[in-house]
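Below is one structure; the comments refer to it alone.
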Amino acid sequence: MAPTVNTPGRALVFIGFMGAGKSSAAREIATVLGRRPVDVDRLVEQRMGCTIEQAFAARGEAWFREQEERTCVETLTAAGEGDVISLGGGAVQSTATRAALARHTVVLIDVDVGTAWLRASGRGRPLARDRSAFNELYASRESIYRELADAIVPGRERGTARSALPWLRTLQPGNRLLWATARSGSYPVLVGPGALELDPWPAAGRPFVVTDEAVGELHGDRLDAEIEIAIPPGEEYKTLATVESIARELARAGAAGDDHVVALGGGVVGDVAGFVASSYQRGIPVVQVPTTLVAMVDSAYGGKTGVDLPEGKNYVGAYHQPSGVLVDVRLLETLPPQERSAGCAEVIKTALISGGRLWERVRAGHFDDEETVLDCARTKLAAVAADERDSGRRQVLNLGHTVGHALETATGYSVLRHGEAVGLGLLAALRLSGLSDLRDEVRELLVTAGLPTRLEDAIDVDDVIAAQQRDKKRRGGSVPFVLVYGPGDVREGQAVDEGAIRAAVAELNP
Ligand SMILES: NC(=O)c1ccc[n+]([C@@H]2O[C@H](COP(=O)([O-])OP(=O)(O)OC[C@H]3O[C@@H](n4cnc5c(N)ncnc54)[C@H](O)[C@@H]3O)[C@@H](O)[C@H]2O)c1
């Protein structure tokens, strides 16, 4: 059934690759809204008087695409507020359909190519018969979906789209929503100029802002807070002593179990405030508002919180997923250049993990715009969704961190910024991966980003190896090395011998 003709407002339109679960998501949402979903594939079949497979066989793909385009454009032109529509996987290849989508809220139901193949193949679908053609089709459409999407919702489980609905309905043009999922909970990530006014607000009760003195001074007034607790800036303050001081301030201010913390700052604030929230009165929600590039592309998502001990980085901590992450890249305008550079290391790391569109953007020098931030967040969230507790796939996010963390620990956390250490760690990981051309390219990217490619003062390789061994023990003795086989092909759990690690670290010395 076609939606109401000429209804004003924005419909929710679900797009995505075959097998993503667009029709199920649309049905789920329509049920909640008390509407009938419009499945454009079924509408085209009704109009053609045959199935899509029969149309492909009898008249060819081009003819089918014409029928599909006409139906999409008519449906989208007539659709408005409250309508719920799902499009066929290939419909977005039409320019006219893309233009008709512009006035609606477009929701990409995200699926990885392996899962899509498992779901779509062997069912007579004409474009899901040959695996390599299927992979190529996926790669060719990926950017189109991503560019059209106002919201990205993982297509993994039933109920996911329904939990995102309150934020899908209120999403304002110019802002983008990523729906983050993990075993222990799902939450909205809003990226855009309206992010700090997320509606509905993702946590109940009163907001207690934790920030650092520099960020509080610059951006504290962006949030309407019950109280603002400002810690001194810097990794040196990512300690248990800071946790105690924040918890005591919360207690003195009367923060209760039904209130929440808002972490406004870089990775240090996010990690410390998140850890306080995980344990204050046995756990209260935390909303992350990242203000550095490191935090916007990495640390604000995924729920790892914690503090350092002199014996090891991030040695005391907890998993505590945020209730929401609000990202306004305009906050980066005040970030000192060295801090921006430090963030670029995490961006390069994430681009190597992701490959595809993000890698191409980063190679072209787009380190810190909204598109890159969004793609990095999406890459990280996909790894967290697959493995919240870091026992498998999530470990790819440690690319460059095994040596990077050891360098930070061995230099007492006061010589290298986290991002600078990660940049050096990436060079070590690429050396261990045996990819010299890619290592050269990454070295050039680090230079462009203003990052060091060698240590300023020589470091004792034994100290780095000892720090790395402690890191390994913390992970239960497993070998956590992450190696690169190519952009987009990064594998965790790779065995590497100590001699090779020593050589890779020694190479970082001046
Ligand atoms: N939890 C995770 O998953 C995760 C991931 C990556 C990194 N981290 C942690 O993140 C930390 C590093 O984070 P970081 O690089 O954001 O450092 P940071 O939090 O120390 O911030 C860097 C500096 O920038 C200043 N600053 C922040 N935002 C600003 C702004 N908008 N304008 C002006 N100044 C601003 C801060 O005051 C600080 O001096 C490390 O402790 C690292 O271990 C955690």
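Atoms within a ligand are numbered from 1 in the order they appear, just like the ligands themselves.
- Ion pairing of R146 with E371 is present here, as a side-chain N (NZ or NE/NH1/NH2) and a carboxylate O approach within less than 4.0 Å.
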Q. Given the rule in the side-chain contact (heavy atoms from CB on, under 4.5 Å) test, do F14 and V106 qualify, once you have shown the distances and angles that lead to the verdict?
A. CA-CA 6 Å; F14 292 82; V106 178; over 6 Å; no
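- Relative orientation of the Y145 and F17 rings is perpendicular, given thresholds of 30° and 60° on the angle between their planes.
- Protein neighbours of ligand 1 below 4.0 Å, counting non-hydrogen atoms: D212, A214, V215, L218, H219, P233, E235, K238, G266, G267, V268, D271, T291, T292, V294, D298, S299, K304, K313, N314, L331, T334, L335, P336, E339, E346, K380, H418.
- For the pair A345 and L426, the tightest heavy-atom approach, listed with the atom from each and the gap, is O-CD1, 3.8 Å.
- For the side-chain contact (heavy atoms from CB on, under 4.5 Å) test with V243, the passing option among T305, V272, V316 is V272; the others fail.
- In this structure, E444 does not pair ionically with R363, as no charged nitrogen and carboxylate oxygen lie closer than 4.0 Å.
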